[in-house]
Amino acid sequence: MRVRFAPSPTGQMHIGNARTAIYNWLLARGPERATFVLRVEDTDPERSSEANVAFLLDALAWLGLDWDEGPIRQTDNTARHQAALATLLVDGRAYRSRAGAAEVAAYRATHGAERGFRGEDDGEGAVRLRVPDTGATTFTDVIRGEIATPNVSMDDPVIARADGSVLYNFAVAVDDIDAQITHVLRGEDHISNTPRQLLVMEALGATPPVYAHLPLIRDESGKKLSKRHGAASVQQLRDLGYLPEAVVNYLSLLGAGFAADEEFFTPQELAQRFRLAAVSKSPAVFDERKLRHLNGQHLRALPVEELTRRLQAFTGADVDLGPAVAICREKIQTLADFWPLAGFLYDGPADDPAAAAKWLGSEEQIATLRAARDRLAQVPTWDVASLEAALSDLLDELGLKPGQLYQPIRVALAGRTVSPGIFETLAVLGPEASLARIDRSLTTRG
Ligand code: GLU
């Protein structure tokens, strides 16, 4: 079994394309152990800059998708394309025709709109493939079943321009034959190209691969995913703080036909479970809330050291985030959630006047904070257990509800009402910084 991913380097990897890459990779790394070929379809010089190619390889590397052969550049196959073209011309399976849009329109006017265009061999002009007038070009799509196109309805397709440069469907067909691809998994947007690619293969006497056209991924309102309405590309997901493991997990589930009661899988587990035949025909819906939820699970599954490493890279912080990561990991769903939650440990308290007004606004609250400060100053060892013991004793003595004691402390330390656990926060800040922050609140609010 040989599969391929054949992206055009456009400068971003759309989520739909990422899923195509992932499904190919799952087949390759699953029980069938397919060989995974990467082919960069770089024939459009405007879009296929080196930067865009690098961007594409970077997105695949970030997702953790490795390949076995390639990257093959479509532009490196030019000689093969020319040789195949020459064979078809010599064999009479293709011909040169001067016919343009006007001739094709005139042909339809005479023969009816349902009739595919058939040209004359003019010995010059663009190269067209001869399509038979009888029979049908048929393939059995693994996902969609049999798809038959009557040959008489298809135009003799242009496969190369008058200058000899080949067209897309011809190049893809030749490349897939050359790479001995046995299974083509790609987006449904390519389904209309398949009959033309099959005609090219048939004319070249090649055995076509099996095709599986993956349903599109849509947003919740049924529209195509677009940048304007949330994340649409791998790069955006990365910038939003999603982990590659979670992205691979989530996109794999989109339409893979797994049982709905299980969702958390490592890439290796996904590869073990993935079955092409189980892929669903219906459009898949991308729900960023589900991705967030799954991302939180993957994040908590990472060892603290590894999560710390990723957060150092994501935030670019040069301080050691380890202690903060340990106390925040239960409360964040994405890497981007970390700094808003933990930044106050390093940058000082946030400035949230509403939080201060609510929890440090009255004389009783200031008195409570002062009592807490005095008690904390006596804690023998500054660790979570001792801090918790000291403050719960105080809570009992003062006869307050937990929030009445802990929220003023929290606002003094963090400047706002949301933070990691209060004892953990005190422990990470240490005695000097904790007491200094409390003292500052006592001076400014008291
Ligand atoms: N280069 C095409 C794309 O990026 C894919 C071609 C194919 O898979 O056959 O959409």
Side-chain angles (χ1 to χ4, degrees), residues 1-28 34-49 51-60 63 65 67 69-78 80-81 84 137 139 141-144 147 157 159 165-201 204 206 208-217 224-226 232-235 251 255 276 279 284:
M1 196 173 187
R2 290 172 62 84
V3 298
R4 72 354 176 237
F5 177 54
S8 309
T10 59
Q12 57 165 327
M13 188 188 274
H14 191 268
I15 286 175
N17 262 342
R19 190 189 48 164
T20 300
I22 291 167
Y23 279 21
N24 277 289
W25 184 86
L26 292 176
L27 264 188
T35 301
F36 186 10
V37 180
L38 176 62
R39 180 173 76 232
V40 179
E41 305 213 311
D42 60 346
T43 44
D44 177 350
E46 285 188 12
R47 303 175 97 187
S48 308
S49 62
N52 283 354
V53 174
F55 193 94
L56 181 79
L57 300 183
D58 183 54
L60 288 170
L63 287 167
L65 306 180
W67 54 90
E69 290 178 20
I72 296 169
R73 301 280 191 120
Q74 194 155 53
T75 48
D76 286 344
N77 290 351
T78 309
R80 268 295 301 150
H81 300 153
T137 297
F139 67 101
D141 188 281
V142 178
I143 298 166
R144 316 190 64 94
I147 299 178
I159 54 177
S165 58
V166 300
L167 269 77
Y168 174 73
N169 280 312
F170 182 75
V172 170
V174 172
D175 292 347
D176 283 342
I177 298 169
D178 281 357
Q180 296 173 295
I181 300 304
T182 61
H183 292 71
V184 170
L185 275 70
R186 62 184 172 195
E188 201 174 72
D189 45 333
H190 286 283
I191 209 161
S192 61
N193 289 328
T194 309
R196 269 170 285 161
Q197 295 176 10
L198 285 170
L199 285 168
V200 171
M201 291 180 180
L204 290 168
V210 172
Y211 288 91
H213 288 93
L214 307 172
L216 295 182
I217 302 182
K224 272 180 76 169
L225 289 180
S226 75
S233 72
V234 171
Q235 188 61 37
L251 294 182
L276 196 46
V279 173

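Computed from heavy atoms alone, side chains included, the values below leave out hydrogens, waters and symmetry copies. Counting starts at 1 for both ligands and their atoms, in listed order.
Residues meeting the side chain to side chain contact (heavy atoms under 4.5 Å, CB included) test with Val142, sequence neighbours left out: Val210, Ala212, Leu276. With sequence neighbours excluded, no residue forms a ring-ring contact (aromatic ring centres under 6.0 Å, His included) with Phe170.
Separating the CG atom in Leu60 from the CH2 atom in Trp67 is a distance of 5.5 Å, to the nearest 0.5 Å.
The aromatic rings of Phe36 and Phe5 are tilted relative to each other, their planes meeting at an angle between 30° and 60°.
Residues lining ligand 1 at a heavy-atom distance below 4.0 Å are given as Arg4, Ala6, Pro7, Ser8, Glu41, Tyr168, Val172, Arg186, His190, ordered by chain and residue number.
Residue pairs that meet the side chain to side chain donor-acceptor pair (under 3.5 Å) test with at least one member in residues 14-28, sequence neighbours left out, are Trp25-Asp66.
Counting only heavy atoms from C-beta outward, the side chains of Gln180 and Thr35 never approach each other to under 4.5 Å.
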